[in-house]
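Everything on this sheet refers to the single structure shown next.
If you're wondering where the values come from, they're calculated on a predicted model, not measured in any experiment.
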Amino acid sequence: MLKNTPFFLEASNSEQACLLLHGLGGGVYEMQLLGEYLYQQGISVQGISYPGHDQPAAKMPDSTWEQWYGHILETHQALTKRYASVTVIGFSTGCPLALHLAASTSVDKLILLSPYMAIRYQWYYIFRLEVYLSAFGWLITDLPRRHLPIRDKAMRELAHQVIFFKTFNLNAVRSANELIAKVKLQLPTITVPTLIIQPLKDTVVDPPGAALIHENLGSAIKKLVWLEESDHIIPLDVEREEVFQQVGAFVLTA
């Protein structure tokens, strides 16, 4: 059973914790199963909801990356006071937020799942969707949300039962893109061990964004894993067990 509510699972005698960051317009349900898996491995986990993502609404509210990041920073600071090691795990837009955190403060490890660095490009767009968003998007505040990008049909149905919004707020998308532009410049300054997992069949973000991060990170320890069958929400999709194992092994590696 999926739930779209923040969670904190404290493992006994654990010196390690993970902070789980969901995607834009999504929710903490995206990270729930991964959090439960890590907890079973003896790791404390906290999944949070960003401002503008924490209550059901007819339309997705307007919010900004600064608001999301403020909540993330506060939560991370609280975890570092309780645990010897804190790994930050971002999914989609949670990835540039995690990267910005690592560039701005001390982070032990980073794990990036389906990182949002650019919207998936199709040849028939002519221009990238970011161009249309900047040029004409101000005329439209919301776009309808299509079916969730999960190839596992049973899991997709469960996720549809707990999502809060049927739309995307375009001001929030533009704000996320402002953060991405900032993070691209910060990549060489980020030196923490980093694991990146990207599905090749992602229909939401451009898969080459994962390679861009991997190539430009200043980290001496960095690993890029490609998935063959999943869509965007890999913590819930058909290869989620591989995702869990890759993440768990990376967190537990000294």
- [ ] Calculate, to the nearest 0.5 Å, the distance between atoms CD and OG belonging to Gln198 and Ser230 respectively.
- [x] 10.5 Å

Task: His100 vs Ile72 side-chain heavy atoms within contact, under 4.5 Å - done: no

Open item on the list: If you compare all heavy atoms of Ile43 against all heavy atoms of Cys18, which two are closest, and at what distance to 0.1 Å?
Closed with: CG2-SG, 3.9 Å

TODO: Tell me, with the steps shown, if Glu36 and Gln32 meet side chain to side chain donor-acceptor pair (under 3.5 Å).
DONE: CA-CA 6 Å; Glu36 292 172 355; Gln32 177 185 328; 3.1 Å; yes

Open item on the list: What I'd like to find out is whether the side chain of Trp65 reaches to under 4.5 Å of the side chain of Thr93, using heavy atoms alone.
Closed with: no

Open item on the list: Are Leu21 and Ile48 packed together at the side-chain level, in the sense that at least one heavy-atom pair is separated by less than 4.5 angstrom?
Closed with: yes

- [ ] Quick one: pull up CD in Gln161 and CG in Asn4 and give me the separation to the nearest 0.5 Å.
- [x] 12.5 Å

Open item on the list: With a 6.0 Å cut-off (strictly less than), is the heavy-atom count around CD1 of Ile221, excluding the residue itself, greater than 12?
Closed with: no

- [ ] Could you tell me how the ring of His22 sits relative to the ring of His53: parallel (under 30°), tilted (30 to 60°) or perpendicular (over 60°)?
- [x] tilted

TODO: Determine, step by step, whether Asn177 and Arg174 satisfy the side chain to side chain donor-acceptor pair (under 3.5 Å) criterion, reporting the C-alpha distance in whole Å, the side-chain angles of both residues, the deciding distance to 0.1 Å, and the verdict.
DONE: CA-CA 5 Å; Asn177 289 339; Arg174 276 187 287 270; over 6 Å; no

Task: For the student: nearest non-hydrogen atoms of Trp226 and Pro207, plus distance - done: CH2-O, 3.6 Å

Task: From OH (Tyr29) to CG (Leu2), nearest 0.5 Å - done: 8.5 Å

Open item on the list: Could you tell me if the side chain of Leu236 sits less than 4.5 Å from the side chain of Asp152, heavy atoms only?
Closed with: no

Open item on the list: Would you say that more than 12 heavy atoms from the other residues, nucleotides or ligands in this model lie under 6.0 Å from the CD of Glu66, or not?
Closed with: yes

Task: Student check: side-chain heavy atoms of Lys109 and Val192 closer than 4.5 Å - done: no

Open item on the list: With salt bridge (charged side-chain N to carboxylate O under 4.0 Å, His left out) as the rule and sequence neighbours excluded, what pairs involving residues 81-91 come up?
Closed with: Glu10-Arg82

TODO: Take the angle between the ring planes of His232 and Phe91 and call it parallel below 30°, perpendicular above 60°, tilted in between.
DONE: tilted

Task: Spatial distance of atom OG1 (Thr191) from atom CG (Leu110) [nearest 0.5 Å] - done: 9.5 Å

Task: Beyond-backbone contact of Pro115 with Ile196, side-chain heavy atoms, under 4.5 angstrom - done: yes

Task: Separation between CG of Leu158 and CD1 of Ile163, rounded to the nearest 0.5 Å - done: 12.0 Å

TODO: Apply the side-chain contact (heavy atoms from CB on, under 4.5 Å) test between Gln46 and each candidate in Leu79, Leu20, Leu9, Val28; give the one that qualifies.
DONE: Leu79

Task: Closest contact, heavy atoms only, Met155 versus Ile150 - done: CB-CG2, 4.3 Å

- [ ] Drop me the distance from Leu112's CG to Leu195's CG, to the nearest 0.5 angstrom.
- [x] 7.5 Å

Open item on the list: Test your reading of the model: is there a side-chain donor-acceptor pair from Asn216 to the backbone of Pro188, 3.5 Å cut-off?
Closed with: no

- [ ] Compare all side-chain heavy atoms of Tyr50 with those of Leu24 and state whether any distance is below 4.5 angstrom.
- [x] no

- [ ] Would you name the heavy atoms of Thr189 and Ala103 that are closest together and state the gap between them?
- [x] OG1-CB, 4.1 Å

- [ ] Please examine the side chains of Pro235 and Leu113, heavy atoms only from C-beta on, and report whether any two atoms are closer than 4.5 Å.
- [x] yes

- [ ] Decide whether a cation-pi geometry holds between Lys223 and Phe250; the criteria are a distance under 6.0 Å from NZ or CZ to the six-membered ring centre and an angle within 45° of the ring axis.
- [x] no

TODO: Taking all heavy atoms of Val45 and all of Gly35, pick out the closest pair and write down the distance.
DONE: CG2-O, 3.5 Å

TODO: Could you walk me through whether Thr87 and Val247 pass the side chain to side chain contact (heavy atoms under 4.5 Å, CB included) test, one step at a time?
DONE: CA-CA 10 Å; Thr87 297; Val247 170; over 6 Å; no

